[in-house]
Amino acid sequence: MANAVRKHWIASTFVVAHTLGLFSSVDALMDTRTAPGAVAWIISLNTFPVAAVPAYWVFGRAKFNGYVVGRRDTDSQLHHALAKKMALVESFSVKDFSSHLDMTAMERLAKLPTLEGNDVELLTDGEATFQSIFDGIQSANQYLLVQFYIVRDDIVGRDLSKLLQERARAGVAVHFLYDEIGSYQLPQSYLNELRSAGVHVRPFHSTRGSGNRFQMNFRNHRKIVIADGGVGWVGGLNVGDEYLGKDTRIGAWRDTHLKLVGPAVFGLQLSFLEDWYWATGEALEYDWKPAEANGRNLPVLVLPSGPADRFETASLMVQLALSNAQSRIWIASPYFVPDEGVQAAMKLAALRGVDVRILIPEKPDNPLLYFAAYAFLGPLLEAGVNVYRYHGGFLHCKTILVDDKAAAVGTVNLDNRSFRLNFEITTWVYDRGFAEEMAAKYQHDFSSAHLMTASDVHDRPWWFRLASRAAYLLAPVL
């Protein structure tokens, strides 16, 4: 009797698992962004449904359902709130790109115009970056918009908390947004202290909304701080002591952030407002008017990207930069597992004679990424792409330099997660002087790095090559 019940239970489980695998396969066929990814999921879902079905619904899906992009949903409350602000910045839009790169396609990806009248400050030291951000927070009189992927309850995190609490008690409207997965270790006591001081605290839920209940693969990777609408900060640094090089396991930390002043801060603010709307259903409105910055009159474009976009915005952005480059394109990224489109664009740029340089860490904090890179580095090197491995600490900056005309600072890594699964943001600055400043930083970093050769890839032992190919199979979720 017991054996009959057991057999019946096993048979029922088998039928249910394969039925769920079949229905999940239809979803994978319709929604997976790449053909190889769809094929891999369909085979797995129908061959090993017991393991593959839960894995697919947690990690496999590529569309973020329900997120409202305020510039796109004309019926949303957020759209109406943003439309008024969008009209205010139109007068600052750049009309003539004769002395810059043709940014028509980039503007269409951003769904925003390039705005002039800005000034920027490049921040490459952790202490200086947090000091700049904290000074900006202290100077805010009306409102603060603060968003980070990772927030830790350590020295830096508590310093941030104290400042936000102080400004909230002073009557400043403080809105604090954090990613629920990236900041999973943040204790409730930290959040309660902020709330008790009057700070509006919300997590960005990747599991919120219809169809997202089991989805843990999407992350909000943006790092944005905005003070009174006129000053903003964006870049690679999260809130934690390791970003100051104080974690002995990681050691020295190399990152890049950007302070932005002027009308283009609107792009950062728009991105935050869309994320806040998703998290809360609340459309924030403030009496803010764009104004020219005192200093350089720099054209700046802010380009948000994410899994709610109709296109693979971040990947197309990098491919566009590679195709626009005439003399050089230098890219720094801590995580380097680019998709085939970006790899092809890199090869074509190098074959055209463009100086293509990729700066990555000597040892990334994810061993799978370290192995996966060796699966495709050989063909890149053969095409003439120069790959530098930085050994002066852990390289975490996400920057791009195109010729002597444009440079970008943001949150996008060169991997599938940033291209298709994360909400990211990139700030493009079109100015020869800023490009020269960025080039000098790159040159300094290259002096603390070694240039890879073909032998670095081909002379690896067989087990290493096998591990690299196996790790590369996981590229869609790395």
Side-chain angles (χ1 to χ4, degrees), residues 122-130 148-150 156 182 221-223 234-258 314 318 321 328-338 342 346 355-374 376-377 380-381 385-402 407-419 422 424-427 437-453 456-457 471 475 478:
L122 187 63
L123 300 166
T124 58
D125 174 78
E127 294 281 359
T129 300
F130 283 113
F148 286 97
Y149 173 60
I150 296 174
V156 174
H221 195 237
R222 294 166 178 160
K223 301 98 173 168
V234 63
L237 281 87
N238 288 293
V239 179
D241 289 351
E242 68 266 35
Y243 297 89
L244 297 177
K246 295 182 178 180
D247 189 325
T248 56
R249 297 170 302 171
I250 301 174
W253 193 279
R254 169 70 182 90
D255 222 320
T256 300
H257 228 72
L258 189 74
V318 177
R328 69 179 173 189
I329 180 166
W330 298 348
I331 302 175
S333 175
Y335 309 117
F336 186 63
V337 191
V342 170
M346 287 180 178
D355 178 13
V356 182
R357 302 189 193 186
I358 310 298
L359 182 66
I360 58 178
E362 172 65 30
K363 293 184 179 179
D365 57 352
N366 185 333
L368 283 175
L369 289 166
Y370 177 79
F371 282 106
Y374 280 87
F376 57 84
L377 279 175
L380 289 180
L381 296 176
V385 176
N386 298 300
V387 179
Y388 289 80
R389 287 199 170 275
Y390 182 78
H391 51 71
F394 180 63
L395 180 89
H396 190 254
C397 49
K398 306 96 165 44
T399 60
I400 303 175
L401 173 64
V402 182
V409 177
T411 68
V412 174
N413 299 308
L414 264 66
D415 62 6
N416 184 72
R417 174 162 295 284
S418 275
F419 288 168
N422 286 351
E424 307 278 9
I425 192 162
T426 305
T427 300
E437 185 179 1
M438 285 281 287
K441 295 295 183 182
Y442 269 105
Q443 292 286 13
H444 184 269
D445 290 336
F446 292 144
S447 68
S448 298
H450 71 269
L451 179 63
M452 294 189 68
T453 64
D456 291 329
V457 178
L478 291 176

The reported gap from OG1 in T124 to CG in L258 (rounded to nearest 0.5 angstrom) is 11.5 Å

For F130 and N238, work out which heavy atoms get closest and say how close. CZ-O, 3.1 Å

Which salt bridge (Lys or Arg N to Asp or Glu O under 4.0 Å) pairs, counting each pair once, include a residue from residues 390-400, with sequence neighbours left out? none

Checking the side chain of H396 only, and the main-chain atoms of G236 only, is there a donor and an acceptor separated by less than 3.5 Å? yes

Could you list the residues that satisfy side chain to side chain donor-acceptor pair (under 3.5 Å) with T399, not counting sequence neighbours? Y442

Considering only heavy atoms from C-beta outward, does the side chain of F419 approach that of V342 to under 4.5 Å? yes

Holding to salt bridge (Lys or Arg N to Asp or Glu O under 4.0 Å), I want the full list of residues that pass it with R357, two or more places apart in sequence or in another chain. D355

Hits for ring-ring contact (aromatic ring centres under 6.0 Å, His included) against F336, two or more places apart or cross-chain, chain-then-number order -> F376

S333 meets the side-chain contact (heavy atoms from CB on, under 4.5 Å) criterion, sequence neighbours left out, with N413, L414

Please identify each residue that fulfils salt bridge (Lys or Arg N to Asp or Glu O under 4.0 Å) with D247, with sequence neighbours left out. R249

One should read off an interatomic distance between I425 CD1 and K223 NZ, to the nearest 0.5 angstrom, of 11.0 Å

H257: partners by ring-ring contact (aromatic ring centres under 6.0 Å, His included), with sequence neighbours left out: none

E242: which residues meet the salt bridge (Lys or Arg N to Asp or Glu O under 4.0 Å) condition with it, sequence neighbours left out? R152

Under the rule for side-chain contact (heavy atoms from CB on, under 4.5 Å), what residues qualify as partners of A252, not counting sequence neighbours? none

List the residues meeting side chain to side chain donor-acceptor pair (under 3.5 Å) with T427, not counting sequence neighbours, and say none if there are none. none

Report the residues that fulfil side chain to side chain donor-acceptor pair (under 3.5 Å) with Y370, sequence neighbours left out, ordered by chain and then residue number. none

Run the side chain to side chain donor-acceptor pair (under 3.5 Å) test against H450 and tell me which residues pass, sequence neighbours left out. E362

